[in-house]
Amino acid sequence: MSEESLVSKNLDKTYDPKRVEQTWSADHWNAFGLYHAHSENVLNHKKEPYTILMPPPNVTGSLTIGHVLNHTIQDIFIRYNRMMQKEALWLPGTDHAGIATQTVVEKKLRKQKLSRYDLGREKFLDEVWSWREQYGSLILQQLQRLGISCDWRRNLFTMDESASEAVINVFVKLYRDGLIYKGKRIINWCPVSHTALSDEEVIMKTQVDPLTYVRYALADQPEKYITIATVRPETILADVAIAVNPNDDRYKALIGKEAIVPIANRRVPIIADDYVEIEFGTGALKITPAHDPNDYAVAQRHNLPIISVIGQSGEMTDEFGYKGMDRFDARNKITDDLQAMNAIEKIEDYEHNVGYSERAGVVVEPFLSEQWFVKMKTLAEPALKAVEDGKIKFHPARWINTYRHWMGNIQDWCISRQLWWGHRIPAWYDKDGNIFVAHNEAEARELACTDELTQDNDVLDTWFSSWLWPMTTLRWKGDGDCNDDFKAFYPTSTLVTGPDIIFFWVARMIMAGLYFKGDVPFRDVYFTSIIRDMKGRKLSKSLGNSPDPLAVMDQYGTDALRFTVIYLAPLGQDVLFGAEKCEQGRNFATKIWNAARFLFMNRNEVFADDEEFGNMYVDFSPEISALGLVDRWMLTKLNQMLDSYHKAHKQFRVNDITKQLYEFIWSDFCDWYLELMKVSLQNCAEETEKKQQILRAVQVFETALKALHPVMPFITEEIWQTIVQRQKEESISCAAIPYSDPNGIDENALETIEFLKKIITECRSVRSVLGVPPSTISKVRINAFSEEKAALIQENAIYIERLARSEVEVGVGMEKPKASAGAVVEGNEIYILLEGLIDLDKEKARLEKEIQKVGGYVKQLEGKLGNEKFIANAPKEVVEGEREKLKAARLNLEKLTGNLESLK
RNA sequence: GGGUGAUUAGCUCAGUUGGUUAGAGCGCUACCUUGACAUGGUAGAGGUCACUAGUUCGAAUCUAGUAUCACCCACCA
């Protein structure tokens, strides 16, 4: 054995995930540019492209199990396709996360008793940039520990120059195309962040609030009144009308009259509008256009004035004595005051939905203001069509419904934010308030024919840059030019993301891709599972039920975490996750490690040195027909596994992939193949035969490792590197995973080994049930069903003898020994001779149980085959199959019964 | 109010086009430190596939309905 053999150095030790991860870290491979993609290879038609966009992680957050799942899936896709010899490109990046980042920095300032206004725009932005410098890449570093294989050279930040340029160009184009406009609207206002929000940034929560019935006296008959119901009594001060349904007989007489708003003592008209539901509440509705979008619409129709009583921080701004109070305090106070003046009829509990700001978690205030909007109808239509026509496929497909529904009811998108951190809106105003949208101030000046311009103070919604992500990551700048990367890698292949951002992001990227480049941004969208805790609750910081992935990686290993998360995540279902589940992944890794140790231990025994092995290994490619039975069986199993494996990949059934590999490696390879091999190795007289067996085993193992590599990159790399000496820059991550080879399938061998396995299992079972100690070697006599079977069993008796700890005697027409336990496998009777060891009652009980089981099965089959309709209607193969089954079962039953009889 | 999904072993979940004696992991029971592995091996116990009807020769699988749970969407104050 050569001194520097990696095998003896590494596989001698027990499995240590940390050491393995450090050896094959991202840093190691980055040095060789292993994950760099090259557009030339695609443009020269050398390789097919495969591109994935990383959904930019939130820079203000830290790594969660959700990230682990999402990025492991992406890494599996990209590694698989890289190994299938495509030009694989995974584009990483981060976005500036407008509100989230600004909030974090403002919070930090507040600790120093400063606000952003104290600093001013420029200094504040400096603060944010330096915060980002310090913390912005933290999450990417954490992701790197997962072993993800991105092309880090192409890392992009949404505020990088090229991306910013694209944002501005896109804004100007949409404005000039008439798809962006500025308008006065009721928008969702966050009283904490002091900014407008899009509809998607508002979370609706169901809650119970008091519904207050308030009396409004009629102006001409103060003793009479009209009662309205409201959950927001504080907005009474801003009432400008009472509305009733024109067809409501109760109120017809009042239409056109006036009522008096309590406290405000304002006379307001009673108007008729279809919008009012007769059935609901009292059928009369107060109209508060400044604080409710529906009321605003009513006010527009009826030319009503607009009165505002709530300010930007949610404080009252009225002239009736509540000024400066918080809106909720004012609500209570006004309720009390109304009560005192006997203006309240009753108060009921009322369950309704209230909008909360996604980031700040406070109740959103409907707020009348001037904002910028994108007209969505034009953009939505082709985007909907692309998905319905299958140009973009959703996995699972049911998300199309959700997508369709949203696209069909789409509202204009409010894109202006009253923040500082973000892309500033490229609009300038002259003294008279005329708007000039331009790529830069110089252009605006030209358009305006004046130098006295002020730029819009607002910035754009973060998603206004995110929706360009498929293009900006390829350094598209929003103009007509396309660079080589763009030509080679757009459209991208697969988007992996959570279904929670289907509207925020997925839908909008599709719109942008189609509108600006005339092509879809990606072909497939894989919606990941949502991770929950073991009780089914969402993971959240406040519940403290979110395991820290870094701690899990420390405890169980990264491969274990990756494997487990994928193993648990079927397509489109929620996943209940607890860190302890990673035991399964860790055990699997350990199993693989030990299998490798076993192989290399034998290798080192049989081969002179690494070199001899390496030379033989490279040239070793025997035909299946030249192999022994066990190897033919193994090869067949391997090819069957590869077949399902590639199919699972095609269908995006990621957890199927892990299940295939797990079963193959653990059950087929370790439990049976290696055990069988131990026997045949020991039985081999010739050295060359031994060598070939080991070469064969290593080859199968290597293929399995390659197939497993996308899921467990570290351990597979480590073992692969030790199989034969590799070059420094060589990696399993670029090795080719073979397709299933139809010539590598031998049904006969499959059948034979499965038959032998059954005999072995049956022997073990009998021994175990009868309490035969493992140390005892039992004598087994097999009365074979045919000469052919007898020969087969005789030929492979050695396996039965070793694996079932038995001595085998086989023939046709063998008699049942008196003191023996009996079992039947496919008509072959197995007698285990245990003179003096048999407990007659135990054996009887065992046989009776067995007979009952088989008897039930026979009955079931007889019933089926006795049904004429079944014979007439079922396909011939099925009927034939059932007949075979019955025949075999009857034979078994008969022989078992015979056995039982002989005991009596 | 509309939509989507779930319901299979004690627990967590697989089960692809209807034809299996319904599977896995964990847990449980018994035995085993046998030369890769006790983070292991062997054997075993454990299920009316939520319920009800229907389609079919045949249903965990298809259809309809019911129940429970979860999520998403929606401007009845």
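Proteins come first, then strands; the chains are lettered A, B, ... in the order of their sequence lines, and each starts at number 1.
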Just N and O in the side chain of [X]: are any of them under 4.0 Å from OP1 or OP2 of [N]?
X       : N       : answer
T402(A) : rG3(B)  : no
W672(A) : rG41(B) : no
K876(A) : rC57(B) : no
N294(A) : rA77(B) : no
N873(A) : rC57(B) : yes
R398(A) : rA6(B)  : no
K591(A) : rG25(B) : no
K581(A) : rU12(B) : no

How would you label the contact of [X] with the nucleic acid (heavy atoms, under 4.0 Å): base, sugar-phosphate, or nothing?
X       : answer
K647(A) : nothing
P875(A) : base
Y15(A)  : nothing
S768(A) : sugar-phosphate
P774(A) : sugar-phosphate
N867(A) : sugar-phosphate
R767(A) : nothing
E675(A) : base

Whole-Å distance separating the [atom1] atom of [X] from the [atom2] atom of [N]:
X       : N       : atom1 : atom2 : answer
F563(A) : rC26(B) : CZ    : C1'   : 14 Å
E580(A) : rU39(B) : CD    : P     : 17 Å
I871(A) : rC57(B) : CD1   : P     : 14 Å
E583(A) : rA38(B) : CD    : P     : 15 Å

Minimum heavy-atom separation for I592(A) and L705(A), please, with both atom names.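 Shortest heavy-atom contact: CG2-CD2, 4.1 Å.
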
query: Are F870(A) and the base of rC57(B) stacked, counting only ring centres nearer than 5.5 Å and planes tilted under 30°?
result: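 Here the ring of F870(A) and the base of rC57(B) are not stacked, as the 5.5 Å and 30° limits are not both satisfied.
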
From the list K346(A), R215(A), E345(A), side chain to side chain donor-acceptor pair (under 3.5 Å) partner of T227(A) resolves to E345(A)

